[in-house]
Student: 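Quick one: this structure, given as structure tokens, is what I'll be asking you about.
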Amino acid sequence: MAQDQSTPTGPDLKQGIAHADLPDGGKLVGRCGDDQVLLVRRGTEVLAVAASCTHYGGPLVDGLVVEDTVRCPWHHACFDLRTGEALRAPAFNPLACWAVEQRDGRIFVGEKLERSGPKPRPGSSGKVPEKIVIIGGGAAGFAAAERLRREQFQGSIVMLSDDRSPPVDRPNLSKDYLAGKAPEEWIPLRGEKFYFKNNIDLRLNTKAVDIDLRSHEVVLADGGRVPYDRLLIATGAQPVRLTIPGADLPHVHTLRSFADCEAIIKQAATASRAIVLGASFIGLEVAAALRARDIEVHVVAPEKRPMERVLGSQMGDFIRALHEEHGVVFHLEDTASSIEAKMVNLSSGGALSADFVVVGIGVRPRTALAETAGLVVDHGIVVDAFLETSEPRIFAAGDIARWPDPHSGENIRVEHWAVAERQGQTAALNMLGHGEKFVAVPFFWSQHYDVPINYVGHAGQWDEIAAEGDIAAKDCLLRFKRKGRTFAVASIFRDIESLKAEVEMERQIAT
């Protein structure tokens, strides 16, 4: 997932390439000194930007150009080809840009351009707030704070987080970092200097317990109060806890925070066998990560096949077979009835020995604060198209927000990282009065060993799954349809098709 640090390859773009080598709409990667540079031609214009996505280093040459933007094939980040600005999470850092000159039938890349700020937006409606408070230190909260400063907001930003760690790259906690393949310095979304430099007052280990709607203040557990002009609730979700005997034993873990991940890694260092309860995305990513550490893994889950509710039976069977090829043992249509120091007892009457247990049986939105404040809550905090709650000047984003999805026509709540970050960005704009609807098509990715699964859209139910390619060969695209219309697409190593499906869904929204 790190950006490629190998020696730049391809033609020397300072020496130039023939104009004919880059057809209209084409992409080409070459070298410019020590940098790998992507050339994109649009009509008679040629644009030059860094060749790797600033999120996980995805090769943008394999991505999709849409008007004046390029989208990353791995996790659907989007960049402005003219300014390099990261327009859409999960990328936040911009791409470097280079000057381009065309003469004598050739294309030459010149000097690296100085960074320009984001494009100015139309004037906001209403008075610009002076004090913005963000409750939550996860994906949505971080993305909102980052976007506020990127939009040149000069007022105060206070982030209240009951976590003891600054915002982290949570997807990595169940993937490469847990597997021992990523260093700790990759985990923070930004280092401490970022918050200091951008004058973001990040308060860790700080719990908000109420919102005083009359005085416009957030009430803290220690009795303190934080005033706001605009407020973003981004408290996310929390793991569903087991209620069986032994669920509170010290070797029983959930995975949500960096501290949770560290505890599992510490336990795995001296363990040989683990039980994962739940065949969710998190549960099976944990199983794959633990197998990378040579831990024997058994998965216990009540469903007939993993992931069937989200991905259908064919993909569910493939995922099970993939994990079994890597040594995972499944105990499906079963649950844990109790946990002992070295044993997990099953409802079927059997028992499994275990050095430790990881519970991944789902999450639930942390809506208690909103409920205490009297906001409208219905399987999440109810927000409008602008992510504003039932209370003016209070917004919600991320795993807790239930919003009117213009693609499905339903009110939905999605518990995925990129969605939370993108909602945080939109909420930031709307707290500044820009009146931007949240219309992004939901997207998530999951990683199992060397197999990435990308999912675009939202299909709570379907009456047909149209499969293209070969699932077993890890080369496929599945369209989840209802009454002939595609509501979601899942794919394995069909990156460009996944991006095109996303664009098509966006166009359906636009019309």
Side-chain angles (χ1 to χ4, degrees), residues 1-10 13 27-40 47-66 69-81 83-98 109 112 115 139 142-143 146 167-191 194 285 288-289 292 416-418 421-422 443-456 474 491-496 498-499 502:
M1 55 170 268
Q3 293 198 29
D4 187 8
Q5 300 297 323
S6 59
T7 302
T9 58
L13 301 179
K27 303 189 296 293
L28 180 148
V29 173
R31 66 186 193 276
C32 190
D34 294 330
D35 295 306
Q36 201 86 56
V37 176
L38 171 71
L39 290 183
V40 177
L47 301 162
V49 297
S52 297
C53 177
T54 58
H55 175 230
Y56 280 1
L60 296 179
V61 70
D62 295 333
L64 183 67
V65 173
V66 182
T69 70
V70 61
R71 304 189 186 202
C72 178
W74 287 2
H75 307 125
H76 293 210
C78 181
F79 300 90
D80 189 314
L81 284 168
T83 66
E85 183 185 2
L87 299 175
R88 181 180 300 178
F92 293 99
N93 290 337
L95 298 173
C97 298
W98 281 261
V109 174
K112 187 181 292 187
R115 183 80 62 219
F142 169 81
E146 192 273 345
V168 298
D169 181 21
R170 186 174 292 132
N172 221 333
L173 299 184
S174 60
K175 299 179 177 72
D176 284 1
Y177 185 69
L178 182 58
K181 299 177 181 179
E184 185 173 332
E185 54 264 31
W186 287 4
I187 297 304
L189 287 173
R190 288 290 190 277
F194 168 81
E285 287 178 357
H416 293 301
W417 186 253
E421 289 182 324
R422 292 170 185 176
F443 167 79
F444 74 84
W445 77 93
S446 186
Q447 184 80 25
H448 304 261
Y449 310 100
D450 61 342
V451 179
I453 300 174
N454 283 0
Y455 184 100
V456 176
K474 306 172 186 175
S491 61
I492 299 175
F493 293 123
R494 291 285 186 98
D495 293 337
I496 200 72
S498 177
L499 286 167
E502 180 179 64

Student: Nearest 0.5 Å, what's the NZ-NE2 distance between K175 and H448?
Tutor: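 NE2 of H448 is found 8.0 Å from NZ of K175.
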
Student: How about T9 and V29: do any of their side-chain heavy atoms sit closer than 4.5 Å?
Tutor: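 When only atoms from C-beta onward are counted, V29 and T9 do not touch, as no gap falls below 4.5 Å.
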
Student: Can you confirm whether L81 sits close enough to V65 that some side-chain heavy atom of one is under 4.5 Å from a side-chain heavy atom of the other?
Tutor: yes

Student: Using only heavy-atom distances, determine whether the side chains of Q36 and S52 contain a donor-acceptor pair under 3.5 Å.
Tutor: no

Student: Mind checking the CD-CG spacing from E502 to N454? Nearest 0.5 Å is all I need.
Tutor: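 Reported value, rounded in 0.5 Å steps: 9.5 Å.
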
Student: Nearest heavy-atom pair of P167 and F142: which atoms, and what distance?
Tutor: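 In this case the closest contact between P167 and F142 is CB-CB, 4.0 Å.
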
Student: Distance-only, no hydrogens or angles: does the Q447 side chain make a donor-acceptor pair with backbone N or O of Y449 under 3.5 Å?
Tutor: yes

Student: Before you tell me yes or no, could you show the steps for I187 and L173 under side chain to side chain contact (heavy atoms under 4.5 Å, CB included), namely the whole-Å CA-CA distance, both residues' side-chain angles and the distance that decides it to 0.1 Å?
Tutor: CA-CA 8 Å; I187 297 304; L173 299 184; 4.1 Å; yes

Student: Mark yes or no for whether D62, through its side chain, and I496, through its backbone, hold a donor-acceptor pair below 3.5 Å.
Tutor: no

Student: Test L13 against L28 for side chain to side chain contact (heavy atoms under 4.5 Å, CB included), laying out the working first.
Tutor: CA-CA 10 Å; L13 301 179; L28 180 148; 4.1 Å; yes

Student: Tell me the closest heavy-atom pair linking G33 and P8, and the distance in Å.
Tutor: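 Looking at all heavy atoms of both residues, the closest pair is O-CG, 4.1 Å.
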
Student: Rounded to the nearest 0.5 Å, what separation is found between the CG atom of L95 and the OG1 atom of T54?
Tutor: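 Taking CG in L95 and OG1 in T54, the distance rounds to 5.5 Å.
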
Student: For K181, I'd like to know if atom NZ has over 12 heavy atoms of other residues, nucleotides or ligands within 6.0 Å.
Tutor: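 Not buried by this count: 12 neighbours or fewer within 6.0 Å.
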
Student: Indicate, with yes or no, if the rings of F194 and F92 have centres closer together than 6.0 Å.
Tutor: no

Student: Say whether D176 and Y56, considering side chains only, have a donor N or O and an acceptor N or O under 3.5 Å apart.
Tutor: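 No, because no side-chain N or O of D176 sits under 3.5 Å from a partner of the opposite role on Y56.
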
Student: Between W98 and C32, does a side chain to side chain contact (heavy atoms under 4.5 Å, CB included) hold up when you go through it step by step?
Tutor: CA-CA 9 Å; W98 281 261; C32 190; 4.0 Å; yes

Student: Say whether, by atom type as modelled, one donor and one acceptor occur between the side chain of R71 and the main chain of H76 under 3.5 angstrom.
Tutor: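 Such a contact is absent between R71 side chain and H76 backbone.
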
Student: Would you indicate whether the side-chain heavy atoms of C72 and L60 approach each other to under 4.5 Å?
Tutor: yes

Student: G57 and W74: which non-hydrogen atoms are nearest, and at how many Å?
Tutor: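 Closest pair (atom of G57, atom of W74, distance): C-CZ3, 3.9 Å.
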
Student: For a side-chain hydrogen bond (donor to acceptor under 3.5 Å, both in side chains) with N93, tell me which candidate from E85, R190, H55 qualifies.
Tutor: R190

Student: Evaluate the criterion side chain to side chain contact (heavy atoms under 4.5 Å, CB included) for residue pair R88 and T69; output intermediate values, then yes/no.
Tutor: CA-CA 11 Å; R88 181 180 300 178; T69 70; over 6 Å; no

Student: Is the shortest heavy-atom distance from the side chain of D35 to the side chain of K112 under 4.5 Å?
Tutor: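 Yes; the side chains approach each other to less than 4.5 Å.
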
Student: Indicate yes or no: at least one non-hydrogen side-chain atom of V49 is less than 4.5 angstrom from one of F79.
Tutor: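 A side-chain contact is absent here, since even the closest heavy-atom pair is not under 4.5 Å.
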
Student: Given 3.5 Å as the limit, does a donor-acceptor pair link the side chain of R422 with the main chain of A89, or not?
Tutor: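 Indeed, once roles are kept as given, a pair shorter than 3.5 Å links the two residues.
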
Student: Looking only at heavy atoms, which two atoms of E285 and S174 are closest? And how far apart?
Tutor: OE1-OG, 2.6 Å

Student: Would you mind reporting whether D450 and K474 have side-chain heavy atoms less than 4.5 Å apart?
Tutor: yes

Student: For H416, which of W445, Y455, F444 qualifies under ring-ring contact (aromatic ring centres under 6.0 Å, His included)?
Tutor: F444

Student: Roughly how far, to the nearest 0.5 Å, is CG of L64 from NZ of K27?
Tutor: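 Those atoms lie 7.0 Å apart.
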
Student: How long is the span from the CG atom in L38 to the SG atom in C53, to the nearest 0.5 Å?
Tutor: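 L38 atom CG to C53 atom SG measures 12.0 Å (nearest 0.5 Å).
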
